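Report on the following structure.
This one's a predicted model, so the numbers in the text were calculated from it and none came from an experiment.
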Amino acid sequence: MTLILGISAFYHDSAAALVLDGDILAAAEEERFTRKKHDSSFPANAIRYCLEETGAQPRDLAYVAFYDKPLVKFERLLETYLAFAPRGLRSFSMAMPVWLKEKLFVRRGLRRNLGNDIRSPLVFLEHHESHAASAFFPSPYEQAAILTLDGVGEWSTAAYGIGEGNRIRLTHHLEFPHSLGLLYSAFTYYCGFKVNSGEYKLMGLAPYGRPVFVDAIYEHLIDVKPDGSFWLNMDYFDYCHGLTMTGRRFAKLFGAKPRKPESDLEQFHMDLAASVQAITEDVMLRMGRDLYEKTRCRNLVMAGGVALNCVANGRLLRDGPFDSIWIQPAAGDAGGALGAALFVWHQLLEKPRQPSVSDSQKGSFLGPEFTRAEIETWLGKEGVQFKSFDRDDELYRHVARLLAEQKIVGWFQGRMEFGPRALGARSILGDPRSPQMQTTMNLKIKFRESFRPFAPCVLQEHSSSWFDMRPAQESPYMLLVAPVRACHRVSVPTLELNQMHNDPDLRKRVNVVRSTIPAVTHVDYSARVQTVDRTRNPRMYSLLQAFHKLTGCPLLVNTSFNVRGEPIVCTPQDAYRCFMGTDMDVLVLESCVLDKNEMIPSIAEMEREKYLAQFQLD
């Protein structure tokens with residue numbers, strides 16, 4: 001048996017993944033253990049978890065695979081600074097100590113964390129090779145076109161090619177500094193959000209705006225070719241040499257300085273978001289069409305940070321040439337750890353691959369889990385009141401009733417998700433029929449901007465009845481956006497919509513009831529859909545069935561179990577602290593149900609203050 005450890009580290013969302021003879025055993029991001037959002041340090045805790053999950057020791061590892069080539073990335077960094085010298089001296093002086101101390105010495109980090117007796121060969125892959133492997137090898141396809149898009153790896157910012165059987169082959173690359181991911185991040189920065197985490201916000205803001213700046217972007221910032229390749233005018237960007245993404249010329253082009261974080265959003269920022277989103281979709285469509293012409297593959301797999309743009313993914317599936325698309329759930333750097341391990345098994349060791357009917361990602365439920373006995377023991381020690389259910393069907397009916405009563409429920413079940421989306425293991429759930437649910441969850445539970453939409457999870461067999469999706473189409477990893485079907489929409493007078501468009505208060509726009517499921521219907525009638533089937537996620541499926549039987553509605557609001565500035569919860573203790581620190585009504589830890597109404601108010605308030613004091617909301 002061959003045990004392979006994959007690692008991603010040092011740049012964004014460090015992670016580890018463990019593969020045994022091609023079977024994915026475990027995978028997790030470091031942030032879930034350190035509680036430091038987007039932790040980029042060496043993933044010592046994630047590696048420890050992966051080994052403990054399988055009872056393995058470091059000496060049992062046949063190979064260790066690292067998701068990129070640090071020396072090549074360092075070469076790109078040096079060449080870029082030299083090309084822009086003497087500009088960038090401050091950025092250079094800040095970057096070099098970190099590189100020379102840690103980033104160049106992966107082997108040393110392995111020995112420090114796994115012990116000096118580790119003798120496993122250390123394999124370094126190219127960054128986009130790892131992305132491509134993470135997209136194709138777990139996918140359900142025997143053959144597929146491959147598209148990877150992100151900020152930058154070593155030199156590549158995008159790559160495409162083909163996967164067949166147990167091999168991938170990347171045939172075309174786009175190179176730094178011309179990057180769709182960095183273009184999107186530049187607008188993220190300019191609109192006042194944090195790069196590498198605020199891109200979700202920009203995507204959610206886009207439907208509030210109109211793409212009025214598209215022509216200006218095409219004229220001054222980007223030259224896109226028919227095949228989707230493009231050139232960026234670096235006179236407008238600072239990311240090659242500075243500490244910011246955009247420069248003075250960028251601000252002059254749009255007539256304003258970058259928005260200060262947490263300041264008021266204006267229609268100007270919404271229109272910018274809509275414009276760069278339109279550009280992103282156009283580039284991805286062109287790339288997809290060209291890739292199809294070159295490969296003639298009916299299926300597409302995707303990875304890289306840009307593949308988390310679920311709006312563009314949905315557009316590519318609807319308007320592009322492919323019959324189906326499979327996207328790696330951990331599409332960012334974290335997924336590179338999994339891709340690296342699978343690449344070693346299938347491509348370097350030339351081991352056969354048998355695609356699964358759905359996929360081999362196991363629902364992306366690859367993280368830690370906790371038994372009912374462990375949870376009950378801990379709750380007892382803490383003196384926490386709870387109700388325990390011996391029968392699962394009774395638990396599902398009870399929680400469904402609470403949800404139908406507009407209660408907000410923290411749902412903690414089974415193995416934690418690998419990737420940025422909560423898929424029903426570490427989720428906060430609500431009733432999508434409630435007009436107030438979206439605002440309540442944003443402001444009182446998540447402590448985040450009121451404009452941000454929530455996603456629905458829906459029974460697979462009912463998805464095409466509620467959303468514009470094909471009857472057999474799946475979206476198990478919440479990476480595709482689809483319109484709410486017209487039969488479920490509520491008409492809003494055109495005059496009222498036009499008046500709202502100029503209202504700077506986004507709450508007035510988002511709170512307009514546009515469908516019978518307003519909590520998950522965005523202002524453009526779209527929804528980021530998660531389809532739930534019995535095989536991948538039996539407990540969430542059963543809860544949805546119970547809610548459907550009770551209410552006639554086969555879907556729920558599903559958002560990640562965390563608050564702004566905090567990673568998704570990992571342990572029951574994390575979940576309890578988050579529950580007590582917010583206005584959640586109910587917490588379900590496996591079969592244990594905690595109801596805040598049954599707790600002593602003074603204790604609940606004390607726990608809330610203690611929780612919120614632990615971190616700053618950024």
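Under a 3.5 Å cut-off, the side chain of E199 and the backbone N or O of S197 do form a donor-acceptor pair. Distance alone, capped at 3.5 Å, is enough to place a donor-acceptor pair between the T188 side chain and the Y184 backbone. Judged by distance alone, the side chain of R397 and the main-chain N or O of A546 form no donor-acceptor pair under 3.5 Å. Using modelled atom types, no side-chain atom of D533 and backbone atom of Q460 make a donor-acceptor pair closer than 3.5 Å. A donor-acceptor pair is defined here as one N or O able to donate and one able to accept, closer than 3.5 Å; no such pair exists between the side chain of E382 and the backbone of L379. Remark: the backbone N or O of S41 is paired with a side-chain donor or acceptor of S14 at under 3.5 angstrom. A donor-acceptor contact shorter than 3.5 Å links the side chain of R353 to the backbone of F137. Proximity of a side-chain donor or acceptor of S120 to a complementary backbone N or O of L61 within less than 3.5 Å is detected. Between the side chain of E417 and the backbone N or O of G419 there is no donor-acceptor pair closer than 3.5 Å.
A donor and an acceptor atom, one from each side chain of D574 and T571, are located under 3.5 Å apart. Under 3.5 Å, the side chains of H131 and D150 contain a donor-acceptor pair of N or O atoms. Side-chain atoms of H12 and S40 form no donor-acceptor pair, as typed in the model, at a separation below 3.5 Å. Counted by atom type alone, S8 and D333 present zero donor-acceptor pairs between their side chains at under 3.5 Å. There is a side-chain donor-acceptor pair under 3.5 Å between S324 and N299. Inspection of the Y141 and D359 side chains reveals no N or O donor paired with an N or O acceptor under 3.5 Å. At a cut-off of 3.5 Å, with distance as the only test, no side-chain donor of Q347 or N166 sits close to an acceptor on the other residue. The closest side-chain donor-acceptor pair between H173 and S156 falls under 3.5 angstrom. Side-chain atoms of S475 and Q530 form no donor-acceptor pair, as typed in the model, at a separation below 3.5 Å.
The shortest side-chain heavy-atom distance between C457 and V532 falls under the 4.5 Å cut-off. Side-chain contact check for F370 versus L589: every heavy-atom pair is 4.5 Å or farther apart. Residues L587 and V409 have side chains not in contact (no heavy-atom distance under 4.5 Å, counting atoms from C-beta outward). No side-chain heavy atom of F105 sits under 4.5 Å from any side-chain heavy atom of P70. Counting only heavy atoms from C-beta outward, the side chains of R107 and R111 approach each other to under 4.5 Å. Between Q413 and E590, some side-chain heavy-atom pair lies under the 4.5 Å cut-off. Considering only heavy atoms from C-beta on, T2 comes within 4.5 Å of I4 through its side chain. Taking 4.5 Å as the limit, some side-chain heavy atom of L338 sits within range of a side-chain heavy atom of L342.
For F10, the CZ atom sits in a packed shell: over 12 heavy atoms of surrounding residues, nucleotides or ligands are nearer than 6.0 Å.
Electrostatic pairing of K351 and D21 does not count as a salt bridge here, judged by no charged N lying under 4.0 Å from a carboxylate O. Under 4.0 Å is where a charged nitrogen must lie from a carboxylate oxygen, and between K103 and D68 no such pair does. Of the charged side-chain nitrogens involved, at least one lies within less than 4.0 Å of a carboxylate oxygen, so that R372 and E376 count as a salt-bridged pair. Ion pairing of R298 with D323 is present here, as a side-chain N (NZ or NE/NH1/NH2) and a carboxylate O approach within less than 4.0 Å. With respect to K37 and D13, no salt bridge is recorded, no charged nitrogen being found less than 4.0 Å from a carboxylate O. Ion pairing between R536 and E474 holds under the 4.0 Å rule for side-chain N and carboxylate O. Using a 4.0 Å cut-off between a side-chain N of Lys or Arg and a carboxylate O of Asp or Glu, R32 and E29 qualify as a salt bridge.
Ring-plane geometry between F66 and F124 is classed as perpendicular, the angle between the planes exceeding 60 degrees on a 0 to 90 degree scale with a lower cut at 30. In this structure, Y67 and Y11 have tilted ring planes: the angle between them lies in the 30° to 60° band. In this structure, W411 and Y396 have tilted ring planes: the angle between them lies in the 30° to 60° band.
Taking the centre of each ring, Y576 and W378 come in below the 6.0 Å mark.
For W466, the ring-ring contact (aromatic ring centres under 6.0 Å, His included) test picks out H488, with sequence neighbours left out.
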message = The test is side-chain contact (heavy atoms from CB on, under 4.5 Å); show your working for L395 and V588 and say whether it passes.
response = CA-CA 9 Å; L395 171 69; V588 182; 4.1 Å; yes
query = Please walk me through it: do C297 and I162 pass side-chain contact (heavy atoms from CB on, under 4.5 Å)?
reply = CA-CA 8 Å; C297 290; I162 189 169; 3.6 Å; yes
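In this structure, R448 satisfies the cation-pi test against F454, with its NZ or CZ atom closer than 6.0 Å to the six-membered ring centre and inside 45 degrees of the ring normal.
In terms of heavy atoms, L316 sits closest to M284 at CD1-O, 3.8 Å.
The side chain to side chain donor-acceptor pair (under 3.5 Å) test with S560 is passed by exactly one of E566, R421, K446, R426: K446. The only member of V586, L403, V557 that meets side-chain contact (heavy atoms from CB on, under 4.5 Å) when paired with L429 is L403.
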